[in-house]
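Whatever order the structure lists ligands and atoms in, that order sets their numbers, starting from 1.
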Amino acid sequence: MVKRREMIGKIAATVAGILACRKLTGATEGSKMIVKPSPQQLSWQELEMGMFIHFGMNTFTDREWGDGTEDPRWFNPTEFDARQWISVAKEAGFGYVVLTAKHHDGFCLWQTRYTEHSVKNSPWRNGKGDVVKEVAKACEEIGVKFGFYLSPWDRHEKSYGTPDYDRYFKNQLTELLTEYGEVLEVWFDGAYGGPPGKEHKYDWLGYYEVIRKLQPNALIAICGPDIRWVGNEEGVAPETNWSVQEASHFHRILGITGKVWYPAECDVSIRPGWFWHAREDEKVKSVEHLLDIYFKSVGRNSVLLLNVPPNRKGLISDVDIQRLREWRKVLDRTFATNFALNKPATASSFRPDAKPSNAVDGRKETFWSPLSEKDEWLEIDLQRPTTFNVAMVQEHIAEGQRVERYRIEAWDGSDWKVIARGTTIGYKKLDRFNDVTATKVRLVIESALATPLIQAFGLYRMER
Ligand code: FUL
């Protein structure tokens, strides 16, 4: 009994400590509780896209899941160049990367002190190389944020399944969080493919505590409370996508219940597999497919984490680079011209400090806010017949996510015609439709949980 009470006391103290360094954000508006992102979650969302990097033993064994019996001597990238990877990421518009520091096979890409199963025993750089170090350094130099994936499931480590494994895992986290500079995101994969019932009982609370203590700004993704898995590996978020969710299992571990800000991340690979395989050089996703992914992830209030796996030389292959370039070119061209920018704007109503023109002023600090939550409209006068096929709406999510239903209409000279309909908006909603030519366009907010705050409204033309 005493022991139990001691334990409860210890957990309460830990939770209080964790909460103290990551304040839960929320505020009441009238009778409504508005859940808001933490500053860290907001900055992450604004990055919009990250590059996942699956690289490790599987790259050399041509597998997707190693079993932990691999020989470290098999790891030998002959032209390894982390700067190339990060330059590719930067050029393609990725604001961060997530590197597989350790996949399920347990092979570590850094000079860990806690296992022999690492780059230390590989021929690469005579066992002196450190992939994590070089990637983190390139990120810092090139201006891309750094994150790592550390597989909880470990098929090599003998202590897996015993309390010693938690110590091992926390030691590894400590190395990664103290020796490689600032970490944006820690990605805890939930995958387990071992014998049923043999899964380790992970000490999540203990892991979170290490992360919050060593890097209070790092976001804990997937098996963690800050970023949620979108639920598939296709890069597709649901059309209705709320960043406000009921507290998950991982929140409850921290004693957090009720509604929480828990934004989605869409992880998907540019190839069929997560790791590089020569036979998949022919199967790099097409520009059309990548555009579709962009519209269904970033364009549906999610962040996109696109995996681009380096090959056995330790380089990203030309075919992937070319594809990313073509994709980026279409995105850049499309979003270079916003036909609504600085055009005259009117609205059904507005708060004096949130006028209609704020939605088209190109600034993220300002927004249009009508006086009610139902059937309010914002009208943009394009001043001349203008042809477009993409619409963008952004809510000012620093103050929460509010819109639950909207439509976009174009004036055809005699009537308003609906050109797009949607449910949630959130950080960014993109709608694609056939070419529309109009002189006036309006966004109708049909319903919202609280008065909507529309940060941006844009119209673009994608040429394909
Ligand atoms: C999954 C893993 O099993 C895959 O190998 C990959 O790492 C993917 C991102 O997550 O759960």
Side-chain angles (χ1 to χ4, degrees), residues 44 49-70 75 85 89 94 96-110 117 131-132 135 146-157 160 169 172-173 176 183-196 198-200 202 204 207 219-224 226-237 248-250 263-277 279-280 283-285 290 293 297 302-312 316 320:
W44 171 83
M49 302 201 302
M51 188 169 97
F52 219 168
I53 306 177
H54 276 69
F55 183 67
M57 191 53 88
N58 295 331
T59 313
F60 297 87
T61 56
D62 207 14
R63 298 176 77 177
E64 279 291 305
W65 278 10
D67 61 14
T69 62
E70 295 80 10
F75 181 88
W85 306 0
F94 297 107
Y96 68 103
V97 299
V98 176
L99 168 71
T100 52
K102 178 187 85 167
H103 204 251
H104 310 322
D105 54 40
F107 183 75
C108 300
L109 295 187
W110 76 103
H117 201 53
V131 177
V132 178
V135 169
F146 171 72
F148 62 83
Y149 164 118
L150 190 69
S151 174
W153 181 35
D154 190 319
R155 305 178 88 177
H156 178 84
E157 175 52 34
Y160 186 84
F169 198 77
Q172 296 208 313
L173 274 174
L176 292 168
V183 173
L184 176 82
E185 179 173 336
V186 178
W187 218 92
F188 286 148
D189 195 338
Y192 172 75
K198 291 278 185 217
E199 188 175 5
H200 184 82
Y202 303 108
W204 297 116
Y207 308 165
L219 295 157
I220 313 174
I222 317 308
C223 293
D226 302 322
I227 296 169
R228 77 177 203 276
W229 184 47
V230 78
N232 63 68
E233 294 180 338
E234 319 302 320
V236 176
S248 71
H249 167 67
F250 305 106
E265 183 178 56
C266 285
D267 62 317
V268 56
S269 185
I270 195 167
R271 289 159 172 254
W274 291 100
F275 287 87
W276 179 85
H277 308 285
R279 62 180 178 279
E280 293 184 355
K283 296 191 176 149
V284 176
K285 289 187 171 59
L290 292 174
I293 285 174
S297 55
S302 175
V303 166
L304 169 61
L305 183 62
L306 181 70
N307 181 61
V308 184
N311 58 29
R312 259 179 220 172
I316 294 178
D320 306 67

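Numbered from 1 in the order shown, with element, the atoms of ligand 1 that lie under 4.0 Å from a heavy atom of Asp267 read 9 (C). Set against the non-hydrogen atoms of Tyr149, the atoms of ligand 1 under 4.0 Å away are 7 (O). In summary, the atoms of ligand 1 found under 4.0 Å from a heavy atom of His104, numbered by their order in the structure, are 2 (C), 3 (O). Less than 4.0 angstrom separates some heavy atom of Glu233 from each of these atoms of ligand 1: 1 (C), 8 (C), 10 (O). Ligand 1 places these atoms under 4.0 Å from at least one heavy atom of Ala191: 3 (O), 11 (O).
Judged by the shortest distance from any of its heavy atoms, Phe52 lies inside the 4.0 Å radius around the atoms of ligand 1.
Looking only at heavy atoms of the protein, atom 6 (C) of ligand 1 is closest to His54 NE2, 3.4 Å. Nearest protein neighbour of atom 10 (O) of ligand 1, counting heavy atoms only, is Asp189 OD2, 2.9 Å.
Counting heavy atoms under 4.0 Å from ligand 1, residue Thr100 does not touch it at all.
Checked against Phe148 for a side chain to side chain contact (heavy atoms under 4.5 Å, CB included), the options Val135, Val132, Ile53, Val183 give a single hit: Val183. Tested against His277, the residues Arg312, Glu64, Arg271 include a single side chain to side chain donor-acceptor pair (under 3.5 Å) partner, Glu64.
In this structure, the side chain of Lys285 engages the main chain of Ser269 through a donor-acceptor pair within 3.5 Å. At least one donor-acceptor pair closer than 3.5 Å links the side chain of Glu70 to the backbone N or O of Gly68. Checked by atom type and distance alone, the side chain of Thr59 never pairs as donor or acceptor with a backbone atom of Phe55 at under 3.5 Å.
Between Asp105 and Arg63, none of the side-chain N atoms (NZ, or NE/NH1/NH2) sits under 4.0 Å from a carboxylate O, so this pair counts as no salt bridge.
Residue Trp65 has at least one nitrogen or oxygen atom sitting less than 3.5 Å from a nitrogen or oxygen atom of ligand 1, judged on distance alone. In terms of polar-atom proximity, His103 is counted as a contact of ligand 1, with an N or O under 3.5 Å from an N or O of the ligand.
Nearest heavy atoms, Glu233 versus Val268: O-CG2, 3.5 Å. The nearest pair of heavy atoms linking Gly273 to Glu280 is N-OE1, 3.0 Å.
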